[in-house]
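When a ligand or atom number is given, it counts from 1 through the structure's own listing order. The basis for the numbers below is simple: all heavy atoms, side chains too, and nothing from hydrogens, waters or symmetry mates. For this chain, numbers begin at 1 and follow the sequence in order.
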Amino acid sequence: MCGIVGYIGPREAYPIVVKGLERLEYRGYDSAGIVLYDGKNAQLCKTKGKVADLKAKAENENITKGNIGLGHTRWATHGVPNDVNAHPHYSNSGDLVIIHNGIIENYGSIKTALEKRGYTFQSDTDTEVLVNLIEYIKNKEEVKLGKAVQIALNQVIGAYAIAVFDRTKPDEIVAAKLGSPLAIGIGEDEFFIASDASPFIEFTNNAIYLEDEQMAIIKLGRDVKIREIKNDKPVAPFVHELQLNLEQIEKNGYDHFMLKEIHEQPEAIKDTYRGRLRINEGIIKMAGIEDNLEKILKAKRIIIVACGTSWHAGLVAEYIFEDLVRIPVEVEYASEFRYRNPVITSEDVVIAISQSGETADTLAAIKLAKQHGAFVFGVCNVVGSSIARESHAGAYTHAGPEIGVASTKAFTTQITVLTLIALKLAQSKGMISKTDFHKYLAEMEAIPAKVEESLKVDDHIKYISSVYKDSPNFLYLGRGYNFPVALEGALKLKEISYIHAEGYPAAEMKHGPIALIDEQMPVVVIATKKGHYEKVVSNIQEIKSRKGKIIGIVTKGDTEVKSMADYVIEVPETIEGLTPLLTTIPLQLLSYHIAVMRGCNVDQPRNLAKSVTVE
Ligand code: F6R
């Protein structure tokens with residue numbers, strides 16, 4: 001969590017750093033700060049609140065000048081969000097200043113040792129401890145900043161992406177990474193540092209992504225030198241050519257990133273299957289699977305590890321894989337899996353699903369699986385992310401940047417890619433007839449247009465949202481492939497509108513949750529024609545007879561559920577395995593509109609951050 005931005009070059013750093021922080025606000029937004037060096041003085045401005053608050057404060061205090069700048073937008077871990085705990089942090093002498101994304105786990109013992117040597121601390125943060133440790137080493141060992149950073153980082157346990165500046169030697173920034181992402185933009189005589197490439201995309205297409213345990217010494221007007229932190233060896237930098245463009249990271253006329261990303265789904269799904277789904281040749285092309293086909297098909301078990309929405313996509317995949325490939329699947333919360341001494345063998349294939357590719361628990365789960373000899377296949381959106389790099393093989397979702405904190409297009413593109421994998425394996429294993437395979441491919445190709453159609457009933461969904469926006473609770477029910485969609489619908493509603501919501505398998509109702517039903521309780525029931533329709537209709541009757549309010553997600557033209565429900569939202573017909581790609585859409589829109597109507601900050605819900613790089 002937290003976003004960091006730095007600039008060193010001939011331009012004014014302030015607008016670059018502030019704009020960069022705005023783009024990184026999805027990573028944390030409880031406080032923000034900036035430090036600028038104008039050739040003589042370093043000026044610091046920090047505040048509780050969002051980047052907009054920082055901007056107002058900095059401009060009011062005239063802290064806008066300088067060609068070197070570091071900025072930070074925070075998601076608090078150590079110390080409450082307030083002005084003092086906000087980054088950047090100075091060292092005791094005031095010479096060094098740092099921004100940090102991550103957690104220094106052994107900061108307590110380091111702090112005590114530094115206090116014994118006379119150091120004092122203003123904030124409750126682990127970061128202030130780190131900058132003082134660097135200063136202590138720099139003075140004691142009489143070394144340059146880069147060396148002091150290297151020695152200090154060998155003493156800390158935890159995760160970090162940092163940038164440090166020394167005002168007594170103001171021609172360099174030292175950056176380092178372990179566990180948290182860090183990109184360095186390479187311009188002409190200028191350099192950018194950021195948690196992802198979005199802050200510098202209009203200035204350069206060239207970026208170095210630091211690997212774990214690497215540091216960079218970035219010299220004004222000169223170059224970037226990369227070294228390994230453990231053994232101080234130089235590393236030849238690999239410069240990536242970025243595929244990002246400005247349009248992808250701006251709202252483009254939508255009120256919120258979440259709404260934009262909901263509407264991007266038809267294109268995003270196409271981008272996911274483009275080049276892979278080859279109807280004319282009757283094949284699915286996926287190098288990551290083809291290169292490892294034998295190993296994957298021989299798997300005794302597939303274990304899916306993920307968190308949050310990605311975990312829900314994993315649950316959908318469990319249905320698809322068991323249905324089509326007949327390999328047993330277990331879906332695990334990465335956070336539980338990593339700490340419960342799971343049984344993993346070299347005959348297991350572990351699929352890690354993550355939009356960001358940086359989720360700490362998922363990353364730890366795959367490291368554990370690798371230690372036990374399992375083959376790890378990553379399904380990520382962010383190219384070059386830690387999980388993508390840590391996996392033996394993988395497939396990208398190609399959804400484009402997802403900036404809204406609530407995952408939308410990541411979910412549907414994850415399901416798309418997982419379905420392609422299942423189909424590819426089923427075909428290779430001879431588990432699916434040519435006709436059924438072809439039918440699936442044709443239907444998959446038709447999905448973007450059907451998603452488009454599902455988006456057209458937005459006004460109707462808006463109306464339903466206005467009816468139920470003040471309900472304190474919601475239930476979401478689904479069966480089979482649509483049970484994970486019910487969980488996802490409930491998660492979307494609670495995370496952005498703060499309404500309590502639960503997702504359940506529809507048949508589980510009578511084992512407890514039915515006690516909650518009364519005339520106040522809206523129940524969203526996914527009741528598409530394909531997928532246990534009659535059973536779900538019976539469940540609807542059970543709710544109806546207890547006076548619950550029914551919002552049915554139904555197949556276009558349905559009359560039976562319509563006659564029982566208070567409202568229905570139609571989605572086009574498709575084959576059962578692909579229904580989640582359509583039934584998810586109205587649930588995303590419903591949560592979006594309810595949140596907007598309740599005055600919630602849709603793109604930056606309270607307490608959350610997009611990329612959960614702490615455990
Ligand atoms: C919910 C949401 C989160 C993420 C979860 C995993 O809308 O966005 O639940 O799905 O934090 O993140 P990734 O997929 O980046 O590993």
Side-chain angles (χ1 to χ4, degrees), residues 1 26-29 75 179-181 195-196 256-259 261-262 265 268 304-317 331-338 350-367 376 378-391 394-415 417-418 476 484-485 487-499 501 503 584 587-592 595 600-615:
M1 341 275 261
Y26 72 87
R27 303 181 61 84
Y29 36 80
W75 188 87
S180 303
S195 300
D196 69 33
H256 298 96
F257 280 112
M258 181 183 179
L259 189 62
E261 286 155 11
I262 290 173
Q265 287 174 110
I304 297 179
V305 290
C307 302
T309 290
S310 296
W311 184 77
H312 296 154
L315 287 180
V316 176
V331 189
E332 301 266 3
Y333 283 118
S335 54
E336 288 298 313
F337 181 78
R338 62 179 290 197
V350 169
I351 300 181
I353 309 173
S354 175
Q355 187 286 129
S356 62
E358 301 294 343
T359 300
D361 285 320
T362 310
L363 192 55
I366 66 177
K367 286 183 179 162
V376 175
V379 171
C380 297
N381 187 36
V382 177
V383 176
S385 53
S386 303
I387 292 172
R389 288 200 309 266
E390 194 66 38
S391 302
Y396 286 115
T397 48
H398 298 307
E402 190 182 67
I403 293 166
V405 165
S407 236
T408 51
K409 62 176 179 172
F411 181 64
T412 44
T413 55
Q414 285 164 348
I415 295 173
V417 100
L418 290 159
Y476 285 75
V485 176
L487 294 179
E488 174 61 7
L491 175 63
K492 278 307 76 108
L493 187 70
K494 58 188 149 194
E495 70 180 320
I496 59 169
S497 72
Y498 319 138
I499 294 176
T584 300
L587 304 193
Q588 294 171 343
L589 288 169
L590 187 69
S591 61
Y592 171 77
C600 299
N601 187 338
V602 169
D603 282 334
Q604 296 173 349
R606 69 185 180 205
N607 304 338
L608 288 172
K610 182 77 185 155
S611 182
V612 186
T613 52
V614 294
E615 56 174 284

For K409 against A399, the heavy-atom pair lying closest together: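 Residues K409 and A399, closest heavy atoms: NZ-O, 2.8 Å.
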
Please state which protein non-hydrogen atom is closest to [atom] and give its distance, to 0.1 Å?
| atom | value |
| --- | --- |
| atom 7 (O) of ligand 1 | E495 OE2, 2.5 Å |
| atom 5 (C) of ligand 1 | C307 O, 3.7 Å |
| atom 12 (O) of ligand 1 | T359 OG1, 3.4 Å |
| atom 15 (O) of ligand 1 | S356 OG, 2.6 Å |
| atom 10 (O) of ligand 1 | T309 N, 3.0 Å |
| atom 11 (O) of ligand 1 | V612 CG2, 3.9 Å |

Is the H312 ring parallel, tilted or perpendicular to the F411 ring (thresholds 30°, 60°)?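 Ring orientation of H312 relative to F411: perpendicular.
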
List in chain and number order the residues that pass ring pair (Phe, Tyr, Trp, His ring centres under 6.0 Å) with F337, two or more places apart in sequence or in another chain; answer none if no residue qualifies. none

Out of the candidates L608, N601, D603, only one should pair with Y29 under the side-chain contact (heavy atoms from CB on, under 4.5 Å) rule; please name it.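 Of the listed residues L608, N601, D603, the side-chain contact (heavy atoms from CB on, under 4.5 Å) partner of Y29 is L608.
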
For the CG atom of L589 and the CD1 atom of I262, what is their distance to the nearest 0.5 Å? 5.0 Å

Between CG of D361 and OH of Y333, what distance do you get to the nearest 0.5 Å? 12.5 Å

Under 4.0 Å from a heavy atom of [X]: give me the atoms of ligand 1 that qualify, with their elements.
| X | result |
| --- | --- |
| S310 | 10 (O), 13 (P), 14 (O) |
| Q355 | 13 (P), 14 (O), 15 (O), 16 (O) |
| G308 | 9 (O), 10 (O) |
| S354 | 13 (P), 14 (O), 15 (O), 16 (O) |
| A406 | 7 (O) |

Taking the non-hydrogen atoms of V405, is any one of them nearer than 4.0 angstrom to ligand 1? yes

Run the contact test for K492 against ligand 1 with a 4.0 Å cut-off on heavy atoms, strictly below, and give the result.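 Yes, that is the case, since the closest heavy atom of the residue is under 4.0 Å from the ligand.
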
Answer with yes or no whether the side chains of S310 and Q414 bring together a donor and an acceptor at under 3.5 Å.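 Short answer, yes.
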
Please report the C-alpha distance between Q355 and S407 in whole Å, then the side-chain angles of each, then the deciding distance to 0.1 Å, and finally whether the side-chain hydrogen bond (donor to acceptor under 3.5 Å, both in side chains) criterion is met. CA-CA 8 Å; Q355 187 286 129; S407 236; 5.6 Å; no

Okay, side chain of S497, backbone of K494: is any donor-acceptor separation there less than 3.5 Å? no

